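As the structure is a prediction and not an experimental result, all values here were calculated from the model. In what follows, chains are A, B, ... by sequence order, proteins preceding strands, each numbered from 1.
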Number of protein chains: 2
Amino acid sequence: MAATLHDVARLAGVSIKTVSNVINDYPHVRPETRERVERAIGELGYTPNLTARNLRSGRTGAIALAIPDLSLSYFAELAAAVIAAAEDAGAVVLVEQTDGDRDREIELLKSQRLKLTDGLIFSPLGMSQEDVAFLDVPYPLVVLGERIFDGPADHVTMRNIEAARAATEHLIAAGRRRIAVIGAHEGEVIGSAGLRLRGYREALAAAGIPFDADIVGFTTLWHRANGATAMRELLARGVEFDAVFGLNDTLALGAMRVLQEAGRRVPDDVAVIGFDDLDEARYSIPSLTTVHPGQDWIARTAVTTLLERIAGAGEATPPRLLLADYRIEVRESAPAVEISAA
Amino acid sequence: MAATLHDVARLAGVSIKTVSNVINDYPHVRPETRERVERAIGELGYTPNLTARNLRSGRTGAIALAIPDLSLSYFAELAAAVIAAAEDAGAVVLVEQTDGDRDREIELLKSQRLKLTDGLIFSPLGMSQEDVAFLDVPYPLVVLGERIFDGPADHVTMRNIEAARAATEHLIAAGRRRIAVIGAHEGEVIGSAGLRLRGYREALAAAGIPFDADIVGFTTLWHRANGATAMRELLARGVEFDAVFGLNDTLALGAMRVLQEAGRRVPDDVAVIGFDDLDEARYSIPSLTTVHPGQDWIARTAVTTLLERIAGAGEATPPRLLLADYRIEVRESAPAVEISAA
DNA sequence: GTGAAAGCGCTAACAA
DNA sequence: TTGTTAGCGCTTTCAC
């Protein structure tokens, strides 16, 4: 059995209060007493019981992070950044996977599993705007992503519309006119797909290019395989295009693979741009031009915002919307200058 | 302030023990009493305080998982599987990143940060066999990976030597004779690199092919970029080879990219095989033949083994070594039959 | 500068 | 079947 305060106190011949004082660096302890206590601590190999401390303080020093699935690179990179940021702040992170399933997400929000933590960073995928009321929870919460806006909690996310518009403008500036899209969601208005598609349309409109629904590929899940399938459909349909905007990197990479299999040269015949700037985008063939949406900033900001809320648990400052800066990461799949078709 | 047992008891007009009985599904509670208590619980929105429960029971229901870095796909996929397995078992997972740094790994093992959890699944990368004594910790521990063997804790890992040998044999069976290796570590004997290299050499020896140090590429970190660099060096050296064994998938993918840039056809000129069977290996161009080392089994086994140790905390069964089965996942980059060079 | 004692919210032995 | 009560290990007033 592990040693307790009492054991240390007995061995050092002092009261537990004195031991507690030593442990918590309370200044007014006589040096010789302190030393005696420290020796006893060392001898017994005493370490404080965090659970008991937590019970007293009402805090655990842990935060929860709920994401759809760690095996999706985007969320793995996000989680890595969140854990690193939390560690810098002295907090520890409990990771939950929801699979992007609405019911599991809602259940998680009410779940007692979270009682082990002081607050939650939540990246919903299945829930949508009409579920906004479920975000009204009795603990500190920071929401990520584009599924729900104007909720009762702080929200850290990216500038989807502007960034997607910039991506599209990048292609237009390089001389592309028939820009296909991969990953659209039927009828979605907000959500990553809806917002990014809107940015795309804004860019087209600004350039006087008509929107053509024929070169928009729909796919609900944003996995590599779906990008590949959507691109196959586009090719099978026989529509013409000289560029592809993958609404995320994995879609773009899947699409790029199919393009190459079909003998289309990237970027000569078809330029490809993605969204997310995954590590992987740097190493594909060709390397993937993409939107860097500021995940690191999002992770850091989510952690500090949550910890602030936890610290000031009482105060009712209104929820904030925090937006990351983006930039276009120009690589081989869609260079900046116009490439003349062979 | 959240409601407590007392509040519920008061409202329901019973003692806290009765409320506790209801909550813990103690059978001998009169139905009408139970109903009254349940109504009170609903009215107050009572949820048990897990910290207090943990203090009583000495358990937290959380386990820790320590890995080098979630942004490495292998560890992300491992973590995803561990979290899923833990959830099935009713446990929650706290994820720590060590960056593969020996000092951080050792510090983590002694850290109080873990006091929030009942046990640890630990995947060391910086530590090595001589650090085995640090694994003698006063809490349930399951070790993963190939850095340390015969330690005082349960160890779940893969059959590196046999699997690497099988991978090499696959290339040999397809008619390859000059098989380069990417990712070797200078002088390493155990550790993934050392063991896999040993399997490679065993396969060569068995086939009567001499080992040639000239076609072994060294690189300490196993990132895509390192695979690419190592392959560039190999090409620059002008050595001949008709196959490449990437000691993991990311190395193989990085190497494959460089090969293609250099105009070598995969698999016609050079066959490529990896190790890990990352999700990504399925979607590269060409898709990557690789060793499936049973990560899922490893994750599930690590979790159940740890939970068993936690449950039987007293008993001192000797540490076990648990080995996952592997298989060769044959894809385009190294087909089973010999491809005749054009 | 140090000690005594209450209590965080819960569980479980024991009583009734 | 239900109530009383003693802790789990710690922090923290309040005395001394």
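Distance A:Leu55 CG to C:dA6 P: 17 Å, rounded to the nearest Å. Remark: P of C:dG9 and CG of B:Asp7 are 9 Å apart, rounded to the nearest angstrom. Atom pair A:Asp25:CG and C:dG1:P shows a separation of 16 Å (rounding to whole Å applied). Between A:Asn54 atom CG and D:dG9 atom P there is a gap of 14 Å when expressed in whole angstrom units.
Sorted by first and then second residue, the salt bridge (charged side-chain N to carboxylate O under 4.0 Å, His left out) pairs involving residues 6-17 of chain A (not counting sequence neighbours) are A:Asp7-A:Arg10. Every pair passing salt bridge (charged side-chain N to carboxylate O under 4.0 Å, His left out) that includes a residue from residues 38-47 of chain B is listed here, sequence neighbours excluded: B:Glu35-B:Arg39.
Remark: A:Arg53 is not in phosphate contact with D:dG9, judged by side-chain N or O atoms under 4.0 Å from OP1 or OP2. For A:Asn24, a side-chain nitrogen or oxygen approaches OP1 or OP2 of D:dT11 to under 4.0 Å.
With sequence neighbours left out, the salt bridge (Lys or Arg N to Asp or Glu O under 4.0 Å) criterion links A:Glu130 to no other residue. Every residue was checked against the side-chain hydrogen bond (donor to acceptor under 3.5 Å, both in side chains) condition with B:Asn49, not counting sequence neighbours, and none meets it. Partners of B:Arg56 according to the salt bridge (Lys or Arg N to Asp or Glu O under 4.0 Å) rule, which considers only residues two or more places apart in sequence or in another chain, do not exist here.
An angle of 40°, rounded to 10°, separates the two end axes of the helix from C:dG1-D:dC16 to C:dA16-D:dT1, each defined over five pairs.
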What side-chain donor-acceptor pairs closer than 3.5 Å can you find for residues 64-80 of chain A, not counting sequence neighbours?
unit_1  : atom_1 : unit_2   : atom_2 : d
A:Asp69 : OD1    : A:Ser71  : N      : 2.9
A:Asp69 : OD1    : A:Ser71  : OG     : 2.9
A:Asp69 : OD2    : A:Ser71  : OG     : 3.2
A:Glu77 : OE2    : A:Asp279 : N      : 3.0

Could you pull out every donor-acceptor pair under 3.5 Å between side chains of residues 296-304 of chain A and any protein atom, sequence neighbours left out?
unit_1   : atom_1 : unit_2   : atom_2 : d
A:Thr301 : OG1    : A:Trp297 : O      : 2.6
A:Thr304 : OG1    : A:Arg300 : O      : 3.2
A:Thr304 : OG1    : A:Thr301 : O      : 3.2

Practice problem: Would you mind building the protein contact string for nucleotides 1-7 of chain D? One character per nucleotide, 5' to 3', B for base within reach (heavy atoms under 4.0 Å), S for sugar-phosphate only, - for untouched. | Solution: SBBBBBB
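For the pair B:Arg147 and B:Glu105, the salt-bridge criterion is not met [side-chain N within less than 4.0 Å of a carboxylate O].
Here A:Ser20 lies in heavy-atom contact (under 4.0 Å) with a base.
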